[in-house]
Number of protein chains: 2
Amino acid sequence: MISKVKNAMSTLVGGMLPHGHHQHNHHSGGGQGCGADSLPPRYPYGRPDFLELTPELLQYSTEHASRPVLTLKRASRLPWRTGYAEVINAGKSMLNEDQASCEKLFVRRPSSKHRNSTLPEDNRDGTGIPLHFWGVFDGHAGSGAAIMASKLLHRLIRDRLGEICNLLENPTGVPPICLAKNGSPYQVETKKGASQETEDPDAISDSTVRFHMEKVVSLESLVMGVIETAFTQMDDLIEREKTSYAISGGCCALAAIHLMGKIYVANAGDSRAIIIRNNEVIPMTNEFTPESERQRLQYLGFLRPELLGNEFTHVEFPRRIQHSELGKKMLYRDHTMTGWAYKTIVEDDLKFPLIYGEGKKARVMATIGVTRGLGDHDLKVYNSNIYIKPFLSCVPEVSVYNQDEYKHGPDDVLVMGTDGLWDVTTDREVADAVSAYLSSCDTSDPMRYSLAAQDLLMRSRGVLKDRGWRLPNEKLGSGDDITVFVIPLAGQEFET
Amino acid sequence: MISKVKNAMSTLVGGMLPHGHHQHNHHSGGGQGCGADSLPPRYPYGRPDFLELTPELLQYSTEHASRPVLTLKRASRLPWRTGYAEVINAGKSMLNEDQASCEKLFVRRPSSKHRNSTLPEDNRDGTGIPLHFWGVFDGHAGSGAAIMASKLLHRLIRDRLGEICNLLENPTGVPPICLAKNGSPYQVETKKGASQETEDPDAISDSTVRFHMEKVVSLESLVMGVIETAFTQMDDLIEREKTSYAISGGCCALAAIHLMGKIYVANAGDSRAIIIRNNEVIPMTNEFTPESERQRLQYLGFLRPELLGNEFTHVEFPRRIQHSELGKKMLYRDHTMTGWAYKTIVEDDLKFPLIYGEGKKARVMATIGVTRGLGDHDLKVYNSNIYIKPFLSCVPEVSVYNQDEYKHGPDDVLVMGTDGLWDVTTDREVADAVSAYLSSCDTSDPMRYSLAAQDLLMRSRGVLKDRGWRLPNEKLGSGDDITVFVIPLAGQEFET
């Protein structure tokens, strides 16, 4: 994410140590994590394990002058022959603030010895319900939150799914509305005193009357809820562990989860995922930005003006207002409006707008350009005590793709990328580039998805010329970190 | 709107007086407007003027046993040969709580003598920018709010548009961001002291620096803002006049405004509008119900728990919880979630859910089944002091149809209807019925749109049999009030 956090951007002092340790970010002004410098890192900086980088290659990956596009060495390294590529930014931060993870896990009932541990180690004996996970994490103001999420989010999801494992194992059934303390379905008896569970038989005796409405909840919406709550738990974990570790910044999080024939795509931030099927684009995500979430943010500022710290107004104006304009009329819109109207300018309108700027430059309280993600608990408005976090949401929007409903060809893919990709390459251009590359490539070549990812990133990064990184059409290439997965939708066929 | 407000539903005592006066609703329990019985009505009960009903026909229009479908006597009565039909409910309320309006108005600059009057009389000399207005208002808990909105909303919109008349007259220009006190565009000068308007030359001297961002606001979004603020003003007016008049209940409001080649469709509630073009359906509205606005309402309940009066919880559960279930786990979702997850039941969860029920039975605080509309300022939860209004929005969602971009045939229409229509007839069925009727009817017949509307309502009402009002397929017909406009999109051609 490029310049997504103004003022709070870290100024790195000292270089990266290529042995997996790095000097902590020092923060200018009112940024994040002040006072955390003395704490150890939660996880050392590095690139995803599946890249299998040597210390020399890790150092090489950060060369802003050459910006090498890194990809997998071995096609068999990732499930489904998943393709991956990444490239560092053009100099806005010392390190690549994007992170990624790709894992095959197994959902199992929690064993009694693990019941009290939040993150049991992965069991690798291959029993349980298979779960595939792909995640891209676009960090800002440091890479700490992105690294931590890339190490843990998939495990949290796996563990939460484990808790409903008995429901997943019986996918034809409808999830019970109520579970007894031992986890088994709990049905209120309609006959007085008929149930051993009954603690208040009088209350139960009229249950047939009181339960005239029972909403049927599908297994799919239960999995969506698991993913949503796992994101929240991940965010809570970052906050909790910040007392013991230095965990810098925040991150957008985009995850795809394959479970029992469906792909759940969960997005919190401005990364994007599209499916390309028969060369047709199917968008799987919406971006969450100050513009797309304007009304939600304004509503919060309206209901809880104390969060604006007497510095900001929840009302939006097309530009800053000068003191001399008091009493004149200016275009505005509030949390209820989509259109614009004129209002007479009063003293309160001279405050800075909560949402200000357009497109990639739109900011919440002049600070951050995304409105969903993980971390950012300490992020404040520059030179103030106003926290941004109450305006951010860690909950993703989850969409579901019913993979089993379609017969997929070898060129049908799910593309997940951080905003560095989509800023310079449209959905259609991505689809055309990937489709063209794949069709020129032997379908039996296990590296084809990684090579397509690499090709896509070289196009989007561009070539360094006198006037910066340029695309073939001479437009500016992406100066941001870029991370992309190209996931074949027929990928299960490659699994043994 | 049928049974949309539980408990607060009025029990009419005494019959309707066919001379335009009626006995006021008496309210059971904690409903609306208690104490207002001694006030005069703001407007007497009646049907839209364009129906030209005699007192005898007005009485006839309320016969629940026969439910006559009323339509226009004369095709020339409404602009564009607009078709209209209505039918009363099957007995849920004494009177038809739907209302409608259709007007041709002219947008003019406010004259100085009218500047301080909020509702200048319509001028009928035909100068100004023509504005066509169609509105359907689906009342609940009385017809007062619906009647008042049908009399005034179009005027408020016309007057607000009058205030930006000079911008509308120059539609190629971009609306200025700032207006001086005299209403003329106000540009901050960049040279120090160059402007007569300057009150603070120092502040202005650096304006080129400070105004690095100026959002361009289109004329279209200004008209949208005018419509949004006019709805808010209408709602404020109902509240204000309730101190002097008896204005019963609330209403959903759906309005279509034709202005300068575009049709703006504004919807606050669960009425619906679709365009039928070449027999293709183009939905123009979304419904606003406890289900569709669940997260907005839950968010408010979460942020302002005092609005829930210690009786309700913002968390949603698939059914009521019994006291005996404390400590067990139950499916839930909060304002951040779309999916469902399990939570351990605590004392607070025993409260009644803010949003409860499914589909047409979903209610806010067990009381109301729509979440946007006008009025309802006094609506309370039965037998409590908890007001519903803070959870309701009076602001419509506005969509724009660029009418001038298309060449419309005589069978291309905009259909606007209250929920009584759409509850029993799908968009597709409405389109097929209207298209079939129109194609069987001479295109020169000026009554064809009203006859199509009448046909549509007879289908949706059904026929009274032993087991109630039945459709040809034996399914239940609509027992609700139904109101529908069928508006030809080539209707301007019929204007002289």
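Each chain gets a letter, A, B and so on, in the order the sequences are listed, and its residues count up from 1.
The environment of CZ in B:Phe352 is crowded: more than 12 heavy-atom neighbours from other residues, nucleotides or ligands sit within 6.0 Å.
Note: B:Gly339 leads B:Ala341, B:Gly339, B:Gly357 in heavy-atom pairs under 4.5 Å with chain A. Ranked by heavy-atom pairs shorter than 4.5 Å toward chain B, the options A:Leu300, A:Thr344, A:Ile227 are led by A:Leu300.
By the 4.5 Å heavy-atom criterion applied to side chains, B:Met337 and A:Thr229 are counted as neighbours. Between B:Tyr299 and A:Leu303, every side-chain heavy-atom pair lies at or beyond the 4.5 Å cut-off.
Proximity to chain B is absent for every atom of A:Leu219, based on heavy atoms less than 4.5 angstrom apart. Only the side chain of A:Ile164 comes within contact range of chain B, judged by heavy atoms closer than 4.5 Å.
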Q: Kindly indicate, with the supporting measurements, whether the criterion side-chain contact (heavy atoms from CB on, under 4.5 Å) is fulfilled by A:Ile177 and B:Tyr332.
A: CA-CA 9 Å; A:Ile177 287 174; B:Tyr332 82 104; over 6 Å; no

Q: Decide side-chain contact (heavy atoms from CB on, under 4.5 Å) for A:Tyr342 and B:Leu222; before the verdict, give the C-alpha distance in whole Å, the side-chain angles of both, and the deciding distance to 0.1 Å.
A: CA-CA 9 Å; A:Tyr342 287 101; B:Leu222 200 58; 4.1 Å; yes

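With hydrogens and angles ignored, the 3.5 Å screen pairs no side-chain donor or acceptor of A:Glu214 with any backbone N or O of B:Pro318. Side chain of A:Glu325 to main chain of B:Cys178: no donor-acceptor pair is present (N/O by atom type, distance under 3.5 Å, no hydrogens or angles).
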Can you give each donor-acceptor pair under 3.5 Å made by side-chain atoms of residues 390-399 of chain B, sequence neighbours left out, with the distance rounded to 0.1 Å?
unit_1, atom_1, unit_2, atom_2, d
B:Ser393, OG, B:Val395, N, 3.1
B:Glu397, OE1, B:Asn286, ND2, 2.9
B:Ser399, OG, B:Met284, O, 2.7

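Under 4.0 Å is where a charged nitrogen must lie from a carboxylate oxygen, and between A:Glu316 and B:Lys215 at least one such pair does.
In this structure, B:Lys328 and A:Leu179 approach most closely via the heavy-atom pair CB-O, 3.3 Å. Contact record, B:Thr338 with A:Met224: CG2-CE, 4.0 Å, taken as the closest heavy-atom pair.
Rounding to the nearest 0.5 Å gives a distance of 6.0 Å between CD of A:Glu163 and NZ of B:Lys329.
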